[in-house]
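All values below were derived from every heavy atom in this structure, side-chain atoms included, with hydrogens, water molecules and symmetry-related copies excluded. For reference, positions follow the sequence shown, starting with 1.
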Amino acid sequence: MAKDERGPAELNLTALAGRPPRFSEEHAARIAGQVFARKGTARLLYGERDQNFHVGVPGGRDILLKIVDSQEDPQVIDLQLSALWHVARMDASLPVPRLIETHDGQHLAFVESPQGERHAVYALSFLPGEMLEGTAASPALLAEIGSVVARLGLALRGFFHGAAGRRIAWDPRQAPALRPHTHLIADRDMRAITERALDRFIALEPQLQRLRCQVIHHDCHPGNLLVDHASGKVTGLLDFGDMIHGPMLFDVAIPMAETQGIGLSPLAAATRVLAGYANVTPLEDAEYALLYDTILARH
């Protein structure tokens with residue numbers, strides 16, 4: 001296969017240039033009732049590219065209504081929905097959202113915005129728990145995070161989708177495309193740190209290509225984790241929008257890089273996550289050798 005020679009300018013930066021829809025909460029509630037037969041009150045939640053609404057259904061089960069950026073690639077939407085359907089079949093006990101069918105048994109519908117744009121819309125089960133972002137995790141919860149990520153990887157092991165081959169900025173393998181832009185970092189010390197980390201990772205490309213690969217979640221950070229601190233359990237692993245086909249190593253490196261532990265140093269917290277992951281899916285020697293530099297590249 002010929003080497004990919006696309007330049008940095010062709011790297012997909014959709015996440016940075018997204019244009020979230022502008023539906024009101026009242027309009028979202030109407031969509032939930034008319035399209036998904038879930039009548040209730042909608043409350044706008046945070047979303048980078050899409051609009052997310054928590055729809056509270058009196059006497060029923062709440063849902064998360066997602067109205068998608070009109071510029072989103074339809075294949076990327078299908079990747080997410082297909083992956084969620086596959087995971088539900090492979091391991092129904094995993095704390096990930098479940099697809100909610102429309103009134104005619106579909107998983108995807110289309111609506112028109114007040115501005116006349118056509119948007120894909122789908123609904124997911126609304127999961128309980130507290131967002132981990134902004135808080136620290138106990139050692140037991142850190143291990144649970146690693147375990148859940150590994151279990152999700154097992155559930156996705158037999159899954160593939162063409163859109164998982166896309167290039168997105170958050171993929172550490174895009175370091176060569178990002179490296180020419182480090183001059184934009186104003187702080188000299190931070191620029192030097194960034195350049196050293198990227199250069200180290202770029203030099204490891206041959207070893208990286210030998211690692212085990214599959215479709216991975218690729219974004220298990222505190223902003224995508226719902227937890228129950230009292231029980232030390234993960235109650236929700238959210239946002240399948242950054243899925244890729246890539247090294248399995250990336251899936252554990254991300255929570256190791258970004259999850260804080262109560263009274264623990266960053267290294268100690270990271271090892272707790274790793275222990276939980278390795279208890280389900282042991283790492284190979286080649287993966288251990290690249291783990292530290294992958295964490296730096298993620299940062």
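- Residues Leu45 and Leu237 share a single hydrophobic cluster, defined by chaining ILVMFWY side chains whose heavy atoms lie under 4.5 Å apart.
- In summary, of the residues considered (Lys66, Arg166, Arg49), a salt bridge (Lys or Arg N to Asp or Glu O under 4.0 Å) with Glu72 occurs for Arg49 alone.
- Atom CG in Asp239 sits 6.0 Å away from atom NE2 in His217 (nearest 0.5 Å).
- Applying the side-chain hydrogen bond (donor to acceptor under 3.5 Å, both in side chains) test to pairs two or more places apart or on separate chains, those with a residue in residues 114-131 are Arg19-Glu117, Gln80-Tyr122, Ser113-Gln115.
- Considering only residues two or more places apart in sequence or on other chains, Glu258 meets the side-chain hydrogen bond (donor to acceptor under 3.5 Å, both in side chains) condition with Arg298.
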For His229 and Leu132, run side-chain contact (heavy atoms from CB on, under 4.5 Å): C-alpha distance rounded to whole Å, both residues' side-chain angles, the deciding distance at 0.1 Å, then the answer.
CA-CA 9 Å; His229 285 286; Leu132 184 60; 3.8 Å; yes
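- What you find for His245 and Cys213 is that their closest heavy atoms are CE1-CB, 3.7 Å.
- A pairwise comparison of heavy atoms in Val96 and Leu127 identifies C-CD1, 3.8 Å as the closest pair.
- The shortest distance between side-chain heavy atoms of Gln51 and Leu44 falls below 4.5 Å.
- Summarising the geometry of Asp62 relative to Gly56, their closest heavy-atom pair is OD1-CA, 3.4 Å, with the distance given to 0.1 Å.
- By the ring-ring contact (aromatic ring centres under 6.0 Å, His included) test, Phe126 is found to be paired with His54, residues two or more places apart in sequence or in another chain being considered.
- Under the rule for a ring-ring contact (aromatic ring centres under 6.0 Å, His included), Tyr292 has no partner lying at least two apart in sequence or in another chain.
- The same ILVMFWY cluster, assembled from side-chain heavy atoms under 4.5 Å apart, contains both Leu64 and Leu84.
- Under the salt bridge (Lys or Arg N to Asp or Glu O under 4.0 Å) criterion, the residue pairs touching residues 150-165 are Asp91-Arg151, with sequence neighbours excluded.
- Looking at every heavy atom in both residues, Leu226 comes nearest to Gly129 through CD2-O, 3.9 Å.
- Summarising the geometry, atom CG belonging to Asp219 is positioned 9.5 Å from atom CG belonging to Leu225; distances are rounded to the nearest 0.5 Å.
- In this structure, the side chains of Val55 and Phe36 stay at 4.5 Å or more apart for every pair of heavy atoms.
- No side-chain heavy atom of Ile145 sits under 4.5 Å from any side-chain heavy atom of Val148.
- Between Arg200 and Asp293, at least one side-chain N (NZ, or NE/NH1/NH2) sits under 4.0 Å from a carboxylate O, which counts as a salt bridge.
- Tracing side-chain contacts under 4.5 Å through hydrophobic residues (I, L, V, M, F, W, Y), one never reaches Ile254 starting from Val273; they form parts of separate clusters.
- You'll find the side chain of Leu141 reaches within 4.5 Å of the side chain of Val234, heavy atoms only.
- Qualifying side-chain hydrogen bond (donor to acceptor under 3.5 Å, both in side chains) partners for Arg173, counting only residues two or more places apart in sequence or in other chains: Asp171.
- Put simply, Leu99 and Leu156 are part of the same group of oily side chains (I, L, V, M, F, W, Y) that touch within less than 4.5 Å, one to the next.
- Residues Phe53 and His27 fail the side-chain proximity criterion, which asks for heavy atoms closer than 4.5 Å.
- The OG1 atom of Thr194 sits 14.0 Å away from atom NE2 of His181, with the distance rounded to the nearest 0.5 Å.
- Of all heavy-atom pairs spanning Pro58 and Gly40, the tightest one is CD-CA, 4.0 Å.
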Given Leu283 and Leu274, is the side-chain contact (heavy atoms from CB on, under 4.5 Å) satisfied, shown in steps?
CA-CA 9 Å; Leu283 268 65; Leu274 177 58; 4.0 Å; yes
If you apply the rule side-chain contact (heavy atoms from CB on, under 4.5 Å), what do you find for Gln174 with Ile168, and how did you get there?
CA-CA 8 Å; Gln174 302 309 323; Ile168 61 175; over 6 Å; no
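- Phe240 and Leu81 fall within the same hydrophobic cluster, defined by Ile, Leu, Val, Met, Phe, Trp and Tyr side-chain heavy atoms under 4.5 Å apart, directly or through other members.
- For Glu195, the side-chain hydrogen bond (donor to acceptor under 3.5 Å, both in side chains) partners are Thr182, not counting sequence neighbours.
- For residues 261-278, the set of pairs meeting the salt bridge (Lys or Arg N to Asp or Glu O under 4.0 Å) definition, not counting sequence neighbours, is empty.
- His161 meets the ring-ring contact (aromatic ring centres under 6.0 Å, His included) test with no other residue; sequence neighbours excluded.
- Atoms CG and OG, from Leu152 and Ser147 in turn, are 11.0 Å apart once rounded to the nearest 0.5 Å.
- Annotation: the span from Met243 atom CE to Phe159 atom CZ amounts to 5.5 Å, rounded to 0.5 Å.
- Annotation: Arg212, atom CZ; neighbour count of heavy atoms from other residues, nucleotides and ligands within 6.0 Å is above 12.
- For Ala109, the side chain to side chain contact (heavy atoms under 4.5 Å, CB included) partners are Val35, Thr102, Val121, not counting sequence neighbours.
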Apply side-chain contact (heavy atoms from CB on, under 4.5 Å) to residues Arg61 and Arg38 and explain how you reach the verdict.
CA-CA 8 Å; Arg61 295 184 177 180; Arg38 301 296 177 98; 4.2 Å; yes
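- Remark: His218 pairs with no residue by the ring-ring contact (aromatic ring centres under 6.0 Å, His included) rule, at least two apart or across chains.
- Of all non-hydrogen atoms in Gly47 and Asn52, the two that sit nearest each other are CA-ND2, 3.6 Å.
- Other residues, nucleotides and ligands place no more than 12 heavy atoms under 6.0 Å from the CD atom of Gln260.
- Remark: His299 pairs with no residue by the side-chain hydrogen bond (donor to acceptor under 3.5 Å, both in side chains) rule, at least two apart or across chains.
- Aromatic ring pairs are classed by plane angle as parallel below 30°, tilted from 30° to 60° and perpendicular above 60°; the pair Phe201 and Phe250 is tilted.
- Note that CZ of Arg43 is 13.5 Å distant from CG of Leu65, once rounded to the nearest 0.5 Å.
- Residues Cys220 and Asp251 form no side-chain contact, since every pair of their non-hydrogen atoms from C-beta on lies 4.5 Å or further apart.
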